[in-house]
Structures are given as C-alpha cells and as structure tokens.
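Sequential numbering from 1 along the given sequence is applied to the chain's residues. Here the structure is a predicted model, which means the values were calculated and not measured.
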Amino acid sequence: MTALFSVEAKNIVITGGNGGIGSAIAFGLVELGANVIVMDCQHSGVCNGLDFVPVDFLRQESIDPAIASVTDRWSAVHGLVNCAGVTKSNSPATYSNLDWDETMDVNLKSVFLVCRAFGRKMIEQKDSASIVNVTSIGGHRGFPNNPAYVASKGGLRQLTKALSVDWGKYGVRVNNLVPGYTNTNMNKKSWEDRSDRQERESRASLGRWGRPVEFVGPAAFLLSEASSFVTGSDLVVDGGWLSKGL
C-alpha cells in the first residue's frame, strides 16, 4: 500500500510554485521523493532549494521555451500541477478589458498551453501520467466583484473534464484540485480583515481557513497510482465550504 501512494522518483512540474499552495505542494512532493521543477514568473526566497524555470504566463513566447527547457532535461514527465493564477477584483460594471484579458490569459489560456505541451509529451511516453489543475470554489459558485476570476476558474474546471475525455485512452489522467479559502498571499486582503476572515470561516463546516500544507496530501494522491481510476473529477479541499447548508 505504501507503493500505491508513492510519488518517489516521479518527474513533476508545478506552475505557480513560488508561493502559497503551489510552493507547499512543491516542497511536500520533494520530501516525498519526487523530482520537482517549478515554473513561475519570478524566483524568490520562498522557493529556495527548488529547481526553478522562469516564465511569463501572459506571453506564449515565454511559455514555449520554458516548457522546452523542462522537456530537454527530462526524458519523461509523470505529473503536472497547474497552480499559477491571478485575481483582480472589481465591480463588473467597471471591470477593465485589461484585467479581464490578463486574468483569462494566466488562469485559463496559459493552463491550456502548458497542458497541451506536456500532454503531448505524456502521450508520447506511452505510460500513465497525471495532470492536476488547481481551480477554486469560485469555479462552482458565484462570488461578488470578481467576474474574470470566477469565469476563468469555471472554464478551467470544464477544460479539465474535456482533456480527461480526450486523453484517457492514452493513460493520461486529468483532475481538478479545488481549494476553498486558504491563508495565502492571494487571499491576504480578506485574511487581514477580521470581519471578512470570520465571515468566510463561518461558512466552512470545519470553521476555519485552510493551510497551504493541507493540499500536499490531496495533490500526492492525484499524482500517484492510488488514484489510477480517477479522472475528470473535482477533488474539493475546502473544509466543507461548498457542501454546507445551514
């Protein structure tokens, strides 16, 4: 059973691993014996010790060579975790075209480009592989004053399901990892506002926010053979936020 849940010696790429959930997953997988390369827009002290490839997810001319850098080094890619994402809050009535385009480009288009490239590699390997796309409870529910983020995560959720249908015959599994409110820099504004923090934690059955490290286990499960019959699914890690009624 230990081998069933193992990611040891697997080559795994993580986008957006420079902080928050992405870096927690990256460090966690390294501790579990995986080989990890982080692709992100900038290197900082957060990811010291991790193998790093810089990339601008707004530009395909940056994404393509970054992916080539990884595939040149690794003869096989066993796993991909897409954590890169942005959020730009504003009222829909005044939401700018630039904020909409940048959110869509990073949260949805770049994920497709990365999935397409590494998916080709995984198909050529003729071996089982796993892609994990990090979405959001915002891909399941409506949230105020963040139309592009909600739309992009909803789109990503469905992209995952589409890819799982097309690539299942090649042994490539594609699943969503769905975070609830988690104490990361992306949610810093809500976390530091005591009223907002308490209102959000009250909606979770566990009565609290998530911690980035709590996504290591779910990610490792989806990347390991323990989930060999799981594809096109949403693994929700939200403390019961979506399921809670009264």
Side-chain angles (χ1 to χ4, degrees), residues 12-26 36-48 50-73 77 79-92 94-122 131-139 143 145-160 162-163 174 176-179 182 184-190 212 215 219:
I12 300 172
V13 179
I14 301 180
T15 72
N18 192 36
I21 292 172
S23 63
I25 291 174
V36 173
I37 292 179
V38 168
M39 294 173 56
D40 209 334
C41 58
Q42 61 182 356
H43 187 286
S44 74
V46 174
C47 56
N48 279 347
L50 294 173
D51 205 348
F52 184 83
V53 173
V55 60
D56 180 354
F57 290 110
L58 287 171
R59 300 169 53 242
Q60 185 171 353
E61 57 268 32
S62 175
I63 295 172
D64 290 344
I67 292 170
S69 174
V70 175
T71 55
D72 286 346
R73 292 161 64 180
V77 176
L80 166 66
V81 183
N82 283 302
C83 287
V86 297
T87 181
K88 296 175 180 289
S89 300
N90 209 338
S91 166
T94 56
Y95 210 83
S96 73
N97 290 351
L98 178 62
D99 283 351
W100 177 273
D101 290 344
E102 288 189 354
T103 302
M104 288 296 177
D105 283 349
V106 174
N107 292 4
L108 187 55
K109 181 180 178 180
S110 78
V111 179
F112 171 69
L113 296 177
V114 172
C115 283
R116 183 177 66 183
F118 285 117
R120 289 170 178 162
K121 178 76 170 175
M122 292 170 174
I131 296 173
V132 179
N133 291 326
V134 178
T135 58
S136 167
I137 55 176
F143 285 83
N145 297 320
N146 212 340
Y149 182 81
V150 172
S152 67
K153 290 301 185 177
L156 178 56
R157 182 188 180 204
Q158 289 303 107
L159 173 62
T160 293
L163 295 178
V174 193
N176 291 317
L177 181 59
V178 188
T182 307
T184 65
N185 280 337
M186 182 177 282
N187 291 317
K188 184 177 180 180
K189 183 178 179 181
S190 296
F215 293 86

Worksheet entry | Test side chain to side chain contact (heavy atoms under 4.5 Å, CB included) applied to V53 and R73, step by step | CA-CA 11 Å; V53 173; R73 292 161 64 180; 3.8 Å; yes
Practice prompt. Give the minimum heavy-atom separation between T184 and G20, together with the two atoms involved.
Written response: CG2-CA, 3.9 Å
Worksheet item: Between S91 (side chain) and N145 (backbone), is there a donor-acceptor pair under 3.5 Å?
Response: no
Response to the item:
Rounded to the nearest 0.5 Å, the CG atom of L80 sits from the CG atom of N133 at a distance of 7.0 Å
Worksheet item: Quick one: does T15's side chain have a donor or acceptor within less than 3.5 Å of a partner on A84's backbone?
Response: yes
Worksheet item: Closest approach of A26 and I14, non-hydrogen atoms and distance?
Response: CA-CD1, 3.4 Å
Worksheet item: Below 4.5 Å, heavy atoms only, C-beta onward: do L156 and L159 meet side chain to side chain?
Response: yes
Worksheet, complete the sentence: Applying side-chain hydrogen bond (donor to acceptor under 3.5 Å, both in side chains) to D56 and not counting sequence neighbours gives none
Discussion item. Determine whether a donor-acceptor pair (N or O, by modelled atom type, separation under 3.5 Å) exists between the side chain of K153 and the backbone of V134.
Written reply: yes
Worksheet item: Can you check whether C115 reaches V174 side chain to side chain, under 4.5 Å on heavy atoms?
Response: no
Discussion item. Heavy-atom count check: over 12 atoms from other residues, nucleotides or ligands less than 6.0 Å from D72 CG?
Written reply: yes
Worksheet item: Can you name the closest pair of heavy atoms from W100 and Y95 and give their distance?
Response: N-CE2, 3.5 Å
Worksheet item: Nearest heavy-atom pair of M104 and A151: which atoms, and what distance?
Response: CE-CB, 3.5 Å
Discussion item. So, taking the atom named CD1 in I21 and the one named CZ in F215, what distance separates them when rounded to the nearest 0.5 Å?
Written reply: 4.0 Å
Response to the item:
In terms of heavy-atom contacts, I25 and C83 come closest through CD1-SG, 4.3 Å
Discussion item. In the structure I gave you, are the side-chain heavy atoms of F57 and L113 within less than 4.5 Å of one another anywhere?
Written reply: no
Practice prompt. Look up atom OG1 in T87 and atom CG in D99, then write down how far apart they are to the nearest 0.5 Å.
Written response: 10.0 Å
Discussion item. Could you check whether any side-chain heavy atom of Y149 comes within less than 4.5 Å of a side-chain heavy atom of S136, counting everything from C-beta outward?
Written reply: yes
Worksheet entry | Donor-acceptor contact present, side-chain N107 to main-chain V86, <3.5 Å | yes
Item to complete: Rounded to the nearest 0.5 Å, what's the gap from NZ on K109 to CG on D101? Could you check?
Response: 9.5 Å
Response to the item:
Per side chain to side chain contact (heavy atoms under 4.5 Å, CB included), V55 is matched among I63, I67, V70, V38 by I63
Worksheet item: Is there a donor-acceptor pair under 3.5 Å between the side chain of S69 and the backbone N or O of P65?
Response: no
Worksheet item: Between atom OG of S152 and atom CD of E102, what is the distance when rounded to the nearest 0.5 Å?
Response: 12.5 Å
Worksheet entry | CG/N90: more than 12 non-hydrogen atoms of other groups inside 6.0 Å | yes
Discussion item. Checking D64 now: which residues fulfil side-chain contact (heavy atoms from CB on, under 4.5 Å) with it, not counting sequence neighbours?
Written reply: Q60
Worksheet item: Can you tell me how far the CG atom of N176 sits from the CG atom of N82, to the nearest 0.5 Å?
Response: 10.5 Å
Worksheet item: What's the shortest heavy-atom distance between S23 and N18, and which atoms?
Response: CB-C, 4.2 Å
Worksheet item: Hey, is NZ on K88 packed in by over 12 heavy atoms from elsewhere, all under 6.0 Å?
Response: yes
